[in-house]
Amino acid sequence: MSKGLPKRSEDYSLWYNELVKKAGLAENSAVRGCMVIKPYGYAIWERMQRVLDDMFKATGHSNAYFPLFIPKSYLSREADHVEGFAKECAVVTHYRLKATEDGVTVDPDAKLEEELIVRPTSETIIWSTYKSWVQSYRDLPLLVNQWANVVRWEMRTRLFLRTAEFLWQEGHTAHATAEEAIAETKQMMEVYAEFAEKYIALPVVRGVKTPKERFAGALDTYCIEGLMQDGKALQAGTSHFLGQNFAKAFDVKFATKDGGLEYVWGTSWGVSTRLMGALVMAHSDDEGLVLPPKLAPIQVVIVPIYKGEEQLAQISEKVLKLKKELEAKGISVKYDNRDTERPGFKFAEWELKGVPVRVAIGNRDLENGTAEVARRDTKEKSTQQFDSLTDYIPALLDEIQENIYSKAFNFREEHTTKVDTYEEFKEVLETKGGFVLAHWDGTSETEERIKEETKATIRCIALESPEEDGVDMLTGKPSKQRVYFAKAY
RNA sequence: CGGGGUGUAGCGUAGCCCGGUAUCGCGCCACAUUUGGGAUGUGGAGGUCGUAGGUUCGAAUCCUGCCACCCCGACCA
């Protein structure tokens, strides 16, 4: 492990890339654009999965699994959908290799009759399946989720934020009425928002995408948008109301109570390993990761400070008891008793890895019945009575979780600016970044022009934002509501 | 996919312009002394110089193709 991380203030991108690698979250692989998620990074993802999965189950969803490969013809069934994904699909054309002098080559005789697409998302294969699952209103609603990998052949990739292959979950539901499907869409957006705020400790704006930004094939795309420390926005989750688009494309109809035959209404929603990027960029600092306790694979690390076997034995005895007590309270504890590293090195290493709480115990503490407790978020150190730790640490973890949330919340508040003129708009984007609240005339033309001139896009039309009469900062046309602009990931 | 940059030991690098078999730091291994914020000393191991070809008596160095990564654009979660 080499020491030192680039400073956020000097090169934010480099800081992010180095941090992800040095903290042991992920690294680039032999395959262009694809990453290896390392054990420590995957442990965080597993925690996210577990929490989200419980939330999905609690809202009535069940998991299932659909194939990685999608017949090429399926993609073309829904016009907008094809257009959205066609440019970034991996295609399987053959099913066999044959040996040659210098290795293997694709066997030209083993050409697939119909080529297969590696799923960029699963709407088409799932809706083609739903056709046979749905006949009657009694089969509805259909509430299914799958945890899977998907492939989008991206030209420019970054660890977690945009990779050619990524892990995600995609929920796909079918309903008897539009109202119910819309309620589902909003509900799942709210599940995501709650997850982001309570677990990632990332405050998010709940909103609707503009037609230009919404999912290909959807009638409406709801989203949650977070703000990163460099002032750029990051879309952390999306939930789509698909209307009857896919039902029509795949002929999914149901018999209604009164004997009619209607197309079902659909939704789809997903979050991906991109959340890992959000987690890193929302809280971490120049010393390394800062993990919210609720997602940290290791919540407490205990470092012994000793001279000789005898002292270590004495310390270990007390520490192992403490470890057990904390674990009984559901806290994950690592006792770093490696004899090969010195305490200072361990401190730095666990800070890099973002462990929320560190406890150090040395000879002095043994004599005094104390321990040194350091919190990662503020780097404050304090001396506590050893016997109080089983109560002190759980409370401290809660406090850290809250503190990093409010820090992120305050940052967002400070970096959300209302502007009324285009000059101001450009100035804010250049000098301070963040969300910019401005009036917009509702046309894609204006949106496009602003994007071209400033690189900023409309992140969303916030659900909670009040109606307010105003005029578009660019065209002067009337507007009833401010929308969120930002430069985005 | 377009423009720019980079690729030398596990990591970070010097050398490249001006061709002669590779520098330094961290890390690694051994031993000793150490251990309350990234230890110190001594000794040691580790290299197809991204890759394939070309020029040359000789290539890390010059030329060409390819690959990967980074930055900027277009596209996108």
Side-chain angles (χ1 to χ4, degrees), chain A residues 1-6 11-18 21-22 27-35 83-89 102 120-121 150-170 192 209 212-216 221 223-226 233-240 268-278 287-288 303-309 311-312 315 337-352 358-368 370-372 374 379 381 383 451-452 455 457 459 488-489:
Chain A
M1 183 140 349
S2 55
K3 57 180 184 180
L5 206 57
D11 191 335
Y12 193 83
S13 295
L14 188 63
W15 166 81
Y16 174 81
N17 293 338
E18 288 295 306
K21 284 185 250 186
K22 287 189 171 159
E27 61 190 35
N28 286 306
S29 70
V31 184
R32 181 191 190 121
C34 295
M35 64 178 162
E83 205 174 311
F85 290 102
K87 282 169 284 181
E88 47 184 31
C89 286
D102 49 357
T121 176
V150 287
V151 169
R152 297 180 189 174
W153 214 257
E154 299 289 348
M155 290 304 159
R156 197 173 157 188
T157 60
R158 293 189 72 190
L159 294 171
F160 290 121
L161 297 174
R162 174 163 293 112
T163 46
E165 179 193 15
F166 56 94
L167 306 184
W168 76 345
Q169 57 69 218
E170 44 181 327
Y192 290 152
K209 288 289 185 190
K212 198 172 167 302
E213 297 277 331
R214 80 181 156 221
F215 177 73
T221 288
C223 64
I224 57 172
E225 293 280 332
L234 185 131
Q235 179 176 302
T238 50
S239 182
H240 316 290
S268 67
W269 28 273
V271 294
S272 70
T273 35
R274 186 178 231 208
L275 288 177
M276 295 285 294
E287 271 73 54
V303 178
I305 296 158
Y306 57 94
K307 290 188 178 105
E309 292 285 316
Q311 277 187 21
L312 178 60
I315 292 168
N337 61 353
R338 284 177 296 176
D339 193 33
T340 51
E341 309 296 346
R342 293 156 55 95
F345 179 91
K346 293 178 183 176
F347 292 177
E349 185 178 16
W350 293 115
E351 275 164 14
L352 176 64
R358 180 187 72 230
V359 177
I361 301 174
N363 201 37
R364 283 206 307 266
D365 294 303
L366 280 186
E367 285 167 9
N368 301 333
T370 56
E372 181 195 80
K379 309 221 185 68
K381 291 191 272 198
T383 300
K451 186 184 171 184
E452 269 169 24
K455 310 283 176 234
T457 51
R459 299 321 301 153
Y489 276 98

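The sequence lines fix the lettering, A, B, ..., with proteins before strands; numbering per chain opens at 1.
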S.K.: Check whether any side-chain heavy atom of A:L366 sits under 4.5 Å from a side-chain heavy atom of A:I315, and report yes or no.
M.R.: yes
S.K.: Would A:R162 and A:R152 satisfy side chain to side chain contact (heavy atoms under 4.5 Å, CB included), going step by step from the backbone distance to the final call?
M.R.: CA-CA 9 Å; A:R162 174 163 293 112; A:R152 297 180 189 174; over 6 Å; no
S.K.: Taking atom CZ of A:R338 as the centre, report whether more than 12 heavy atoms of other residues, nucleotides or ligands fall under 6.0 Å from it.
M.R.: yes
S.K.: When you match A:L14 and A:G308 each to their closest nucleotide on RNA chain B, which lands nearer the 5' end?
M.R.: A:G308
S.K.: Decide side chain to side chain contact (heavy atoms under 4.5 Å, CB included) for A:R214 and A:H240; before the verdict, give the C-alpha distance in whole Å, the side-chain angles of both, and the deciding distance to 0.1 Å.
M.R.: CA-CA 8 Å; A:R214 80 181 156 221; A:H240 316 290; over 6 Å; no
S.K.: Tell me whether the side-chain N or O atoms of A:E287 pair up with the base of B:rG38 as donor and acceptor below 3.5 Å, since no angle test is needed here.
M.R.: no
S.K.: Can you tell me how far C1' in B:rA74 sits from the matching atom in B:rG2, rounded to whole Å?
M.R.: 8 Å
S.K.: In whole angstrom, what separates A:Y12's OH from B:rC70's P?
M.R.: 17 Å
S.K.: Have a look at A:L161 and say if it touches a base, only the backbone sugar-phosphate, or nothing, with a 4.0 Å heavy-atom cut-off.
M.R.: base
S.K.: Which whole-number value in Å describes the distance from A:E154 CD to B:rC69 P?
M.R.: 13 Å
S.K.: By the 4.0 Å heavy-atom rule, please label A:Y489 as base, sugar-phosphate, or nothing.
M.R.: nothing
S.K.: For nucleotides 39-42 of chain B, which of its nitrogen or oxygen atoms have a protein nitrogen or oxygen under 3.5 Å away, and what is each distance?
M.R.:
residue, atom, partner, partner atom, Å
B:rA39, OP2, A:R342, NE, 3.1
B:rA39, O4', A:R342, NE, 3.3
B:rA39, N9, A:R342, NH1, 3.4

S.K.: Taking the P atom in each of B:rC75 and B:rG38, what is the distance between them to the nearest angstrom?
M.R.: 50 Å
S.K.: What is the distance, rounded to the nearest whole Å, between atom CG of A:N28 and atom C1' of B:rG7?
M.R.: 14 Å
S.K.: Distance check, P atoms only: B:rU48 and B:rA9, in whole angstrom units.
M.R.: 9 Å
S.K.: Is there a side-chain contact between A:V303 and A:F345, using heavy atoms and a 4.5 Å cut-off?
M.R.: no
S.K.: Polar pairs (N or O, both sides) under 3.5 Å between protein and nucleotides 65-68 of chain B?
M.R.:
residue, atom, partner, partner atom, Å
B:rA68, OP2, A:R32, NH1, 2.8

S.K.: Does CD belonging to A:E309 count more than 12 external heavy atoms closer than 6.0 Å?
M.R.: no
S.K.: Using the side-chain hydrogen bond (donor to acceptor under 3.5 Å, both in side chains) criterion, which residues pair with A:T157? Sequence neighbours excluded.
M.R.: none
S.K.: Can any side-chain N or O of A:Y192 pair as donor or acceptor with the backbone N or O of A:G270 at less than 3.5 Å?
M.R.: yes
S.K.: In whole angstrom, give the distance that lies between atom CZ of A:R158 and atom C1' of B:rC70.
M.R.: 10 Å
S.K.: Kindly say whether, by distance alone, the side chain of A:N363 makes a donor-acceptor pair under 3.5 Å with the base of B:rG36?
M.R.: no
S.K.: Would you list the protein and nucleotides 72-74 of chain B atom pairs, both N or O, that sit under 3.5 Å from each other?
M.R.:
residue, atom, partner, partner atom, Å
B:rC72, OP2, A:R156, NH2, 2.3
B:rG73, N7, A:R156, NH1, 3.4

S.K.: Taking any heavy-atom pair under 4.0 Å as a contact, classify A:E351: base, sugar-phosphate, or nothing.
M.R.: base
S.K.: Please name all residues satisfying side chain to side chain contact (heavy atoms under 4.5 Å, CB included) with A:K379, sequence neighbours left out, ordered by chain then number.
M.R.: A:D285, A:E287, A:R376
S.K.: With distance as the sole test, does A:Q311 use its side chain to make a donor-acceptor pair with the main-chain N or O of A:K307 at under 3.5 Å?
M.R.: yes
S.K.: Rounded to the nearest angstrom, tell me the gap between atom CG in A:L352 and atom P in B:rC11.
M.R.: 17 Å
S.K.: Could you tell me how far apart A:E372 (CD) and B:rG36 (C1') are, to the nearest whole angstrom?
M.R.: 7 Å
S.K.: Counting the atoms with a prime plus P, OP1 and OP2 as sugar-phosphate, which does A:R358 contact under 4.0 Å by heavy atoms, base, sugar-phosphate, or nothing?
M.R.: base
S.K.: For B:rU13 versus B:rC26, give the span between their P atoms, rounded off to a whole number of Å.
M.R.: 16 Å
S.K.: Is A:W153 atom CH2 crowded by more than 12 heavy atoms from other residues, nucleotides or ligands, each under 6.0 Å away?
M.R.: no
S.K.: With RNA chain B as reference, determine whether A:T163 or A:Y306 sits nearer its 5' end, using the nearest nucleotide of each.
M.R.: A:Y306
S.K.: Over how many whole Å does the gap from A:K346 atom NZ to B:rG37 atom P extend?
M.R.: 14 Å
S.K.: Which atoms form the tightest heavy-atom contact between A:Q235 and A:T238, and what is the distance?
M.R.: NE2-CG2, 2.8 Å
S.K.: I'd like to know if the side chain of A:T221 and the backbone of A:F215 have a donor-acceptor N/O pair within less than 3.5 Å.
M.R.: yes
S.K.: Indicate the atoms forming the closest heavy-atom contact of A:F347 with A:A360, along with that distance.
M.R.: CZ-CB, 4.0 Å
S.K.: P atom, B:rA30 versus B:rG46: distance in rounded Å?
M.R.: 16 Å
S.K.: Answer yes or no: is there a donor N or O on one side and an acceptor on the other, between the side chain of A:D365 and the main chain of A:G362, under 3.5 Å?
M.R.: yes
S.K.: Would you mind reading off the distance between A:L159 atom CG and B:rC69 atom P, rounded to a whole angstrom?
M.R.: 10 Å
S.K.: Using a 3.5 Å limit on both distances, find every run of at least three consecutive Watson-Crick or G-U pairs that involves RNA chain B.
M.R.: B:1-7 with B:67-73, B:10-12 with B:24-26, B:28-33 with B:39-44, B:50-54 with B:62-66
